[in-house]
Amino acid sequence: MASALEEPLNLAPVTEGQNGTIGANGTSSSTKSQYDPNFTDNVIKATGPKANKRLAQLMPGLVRHLHDFCRENEVTVEEWSQSVEFLNECGRMSDDKRNEGQLFWDILGVESLVDEITYKVAADSGEKPTTTAILGPFWRPNAPIYPMGSSTILKDQGGDVTHMHGSVTDFTTGKPITNAEIDIWHTAPNGLYEQQDPEQPDMNLRGRFYTPDSGDYDFYCLRPTPYPIPFDGPAGKFLKLLDRHPMRPAHIHFIISAKGYKPVVTQIFDRRDEWLGNDSVFAVKDSLVVDFAPKQGDEKAGFDLKYDFKLVAVEDAKNGVHGGTEVTSA
Ligand code: MBD
Ligand code: FE
């Protein structure tokens, strides 16, 4: 074929649908479809042979769903512009203390869904259901490292001090796991994480603990408080437009990790919480609901919570053992 430069400029009409840009689009009587029937396929076909493999696998479905969605709902340019502004607003609002993009996916249930997909039990494995839960937008890296038995409470703001304890063991063998990291974070009684609240000391109500040979752990934290997810940004506006509330049931977040084991990201929920069945980010799972027991004889804590974490070794996970942590009540 001669090089394009040597050819005379060809301003003849492009064949219908050739580039996906000129087509029926409601003007041609040659097709029953209201829109260019080749448009979506042309967008999908634009992906080249050296594309990232996973993206090449994902994009046809994503483009098809998106295009069908726009066609089925007759989305207008004005509406689409609002979605662009919404995304940009999420971005502008986000920094190292605020993650509006994640919050948006959370209120649509998408983080919870991919959490379920990631950790789902193979239908025929017969293993106990996993009890992971979503990370959420408020985890911070490098929480302070404390010795066992210490408290994550850096400032007295009231609330019910809880002595939390239990063990970290291998899900398959039942053996204790040494040097497992327990990373915990939760809100203050005013319903704010420390990075949302200038009144709280940096890293308040966060901490990391490492298990000794016994695999046992214990520390002091607060019995958590139900709280509204931040609704001063686009995610909040979205909730209002959908006539939805922003409340999350009281919860404590954890990441449990140990060398050679699949890390577990999870949350536990207080059984007494009125929002348990109505979480604005859809993260509650039955097996993560726990009972705080009144505690006697400990002047530091009014409540006791026992919780055992069971991790699956990476090797066992490869062999089809799924599962993460499992509750053993006090
Ligand atoms: C949170 O505190 C949270 O844990 C999740 C998952 C989403 C929004 C706020
Ligand atoms: Fe949270």
Side-chain angles (χ1 to χ4, degrees), residues 97 133 135-169 176-227 248-258 263-273 288-311 325 327-330:
K97 294 189 168 183
L135 179 69
F138 292 112
W139 176 75
R140 285 181 69 192
N142 307 318
I145 295 170
Y146 295 124
M148 280 305 171
S150 24
S151 173
T152 63
I153 307 165
L154 301 183
K155 179 184 178 184
D156 185 4
Q157 296 178 285
D160 294 324
V161 179
T162 298
H163 184 231
M164 182 165 178
H165 56 101
S167 60
V168 182
T169 55
I177 300 176
T178 307
N179 212 25
E181 181 183 274
I182 301 173
D183 189 342
I184 162 188
W185 68 105
H186 63 78
T187 58
N190 65 4
L192 295 172
Y193 287 91
E194 50 86 19
Q195 73 263 57
Q196 298 176 280
D197 183 3
E199 299 301 310
Q200 289 181 52
D202 191 45
M203 294 288 181
N204 190 34
L205 304 173
R206 294 174 189 274
R208 288 181 293 162
F209 300 86
Y210 292 88
T211 54
D213 287 348
S214 67
D216 293 337
Y217 75 87
D218 83 291
F219 53 77
Y220 292 88
C221 62
L222 290 177
R223 183 173 186 167
T225 317
Y227 93 108
R248 287 221 63 204
H251 60 281
I252 304 177
H253 291 268
F254 300 92
I255 300 175
I256 316 294
S257 50
V264 165
V265 177
T266 197
Q267 305 178 24
I268 55 171
F269 300 90
D270 189 337
R271 189 176 311 280
R272 283 199 323 204
D273 198 284
L288 294 171
V289 178
V290 299
D291 295 288
F292 289 75
K295 183 165 198 184
Q296 266 103 45
D298 185 340
E299 61 206 22
K300 283 190 259 168
F303 287 90
D304 181 272
L305 178 63
K306 179 175 173 0
Y307 191 92
D308 292 338
F309 296 101
K310 303 189 178 186
L311 302 190
T325 161
V327 182
T328 311
S329 43

Between Ile268 and Tyr307, does a side-chain contact (heavy atoms from CB on, under 4.5 Å) hold up when you go through it step by step? CA-CA 9 Å; Ile268 55 171; Tyr307 191 92; 3.3 Å; yes
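- When all heavy atoms are compared, the tightest approach of Ala143 to Met203 is CA-SD, 3.8 Å.
- When every heavy atom of Arg140 is checked against every heavy atom of Asp202, the shortest pair comes out as NH1-OD1, 3.0 Å.
- Minimum heavy-atom separation, Leu311 to Ile177: CB-CD1, 3.9 Å.
- To the nearest 0.5 Å, the span separating CE on Met164 from CD1 on Ile184 amounts to 6.5 Å.
- Taking the six-membered ring where the residue is Trp, Phe219 and Phe209 present parallel rings, their angle staying beneath 30° rather than reaching 60°.
- In this model, no donor atom of one side chain and acceptor atom of the other lie less than 3.5 Å apart for Ser167 and Asp216.
- Ile252 contributes atom CD1, which lies 8.5 Å from atom CG of Asp270 (distance to the nearest 0.5 angstrom).
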Residue pair Arg271, Asp273: steps toward the salt bridge (charged side-chain N to carboxylate O under 4.0 Å, His left out) verdict: CA-CA 6 Å; Arg271 189 176 311 280; Asp273 198 284; over 6 Å; no
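- Nearest heavy atoms, Gly158 versus Pro189: O-CG, 3.4 Å.
- The two residues Thr169 and Pro176 have their closest heavy-atom pair at CG2-CA, 4.0 Å.
- Each of Lys155, Arg206, Lys97 was evaluated against Glu194; a single residue qualifies, Arg206, per the side-chain hydrogen bond (donor to acceptor under 3.5 Å, both in side chains) test.
- Looking at Asn204 and Gln157, their side chains come closer than 4.5 Å, going by heavy atoms from C-beta outward.
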Enumerate donor-acceptor pairs with a distance under 3.5 Å from any side-chain N or O in residues 292-302 to protein atoms, sequence neighbours excluded.
residue: Lys295; atom: NZ; partner: His163; partner atom: ND1; Å: 2.8
residue: Lys295; atom: NZ; partner: Asp298; partner atom: OD2; Å: 3.3
residue: Asp298; atom: OD1; partner: Lys300; partner atom: N; Å: 2.9
residue: Asp298; atom: OD2; partner: Tyr220; partner atom: OH; Å: 2.7

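- Ring geometry for Phe309 against Tyr217 counts as tilted: the plane angle lies between 30° and 60°, on a 0 to 90° scale.
- Phe138 contributes atom CZ, which lies 14.5 Å from atom NE2 of His186 (distance to the nearest 0.5 angstrom).
- Atom-to-atom distance recorded for Trp185:CH2 and Arg208:CZ is 11.5 Å, nearest 0.5 angstrom.
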Step by step, work out the side-chain contact (heavy atoms from CB on, under 4.5 Å) result for Phe269 and Val290. CA-CA 6 Å; Phe269 300 90; Val290 299; over 6 Å; no
Decide side-chain contact (heavy atoms from CB on, under 4.5 Å) for Glu181 and Ile255; before the verdict, give the C-alpha distance in whole Å, the side-chain angles of both, and the deciding distance to 0.1 Å. CA-CA 8 Å; Glu181 181 183 274; Ile255 300 175; 5.8 Å; no
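- How far OG1 of Thr152 is from CG of Leu222: 6.5 Å, rounded to the nearest 0.5 Å.
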Yes or no on salt bridge (charged side-chain N to carboxylate O under 4.0 Å, His left out) for Asp304 and Arg223, after CA distance, side-chain angles and deciding distance? CA-CA 9 Å; Asp304 181 272; Arg223 183 173 186 167; over 6 Å; no
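- Between the Thr211 side chain and the Asn179 main chain, a donor and an acceptor come within less than 3.5 Å of each other.
- For the pair Ile145/Tyr210, a side-chain contact is recorded, criterion being any heavy-atom separation below 4.5 Å from C-beta on.
- Asp156 is linked by a side chain to side chain contact (heavy atoms under 4.5 Å, CB included) to nothing, counting only residues two or more places apart in sequence or in another chain.
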Carefully, step by step, assess Leu288 and Thr266 under the rule side-chain contact (heavy atoms from CB on, under 4.5 Å). CA-CA 8 Å; Leu288 294 171; Thr266 197; 3.3 Å; yes
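- Taking both residues in full, the closest heavy atoms of Ala180 and Val168 are given as CB-CG1, 3.8 Å, listed atom of the first, atom of the second, then distance.
- For the atom pair CG (Leu192) and CG (Asp197), the distance works out to 5.0 Å, reported to the nearest 0.5 Å.
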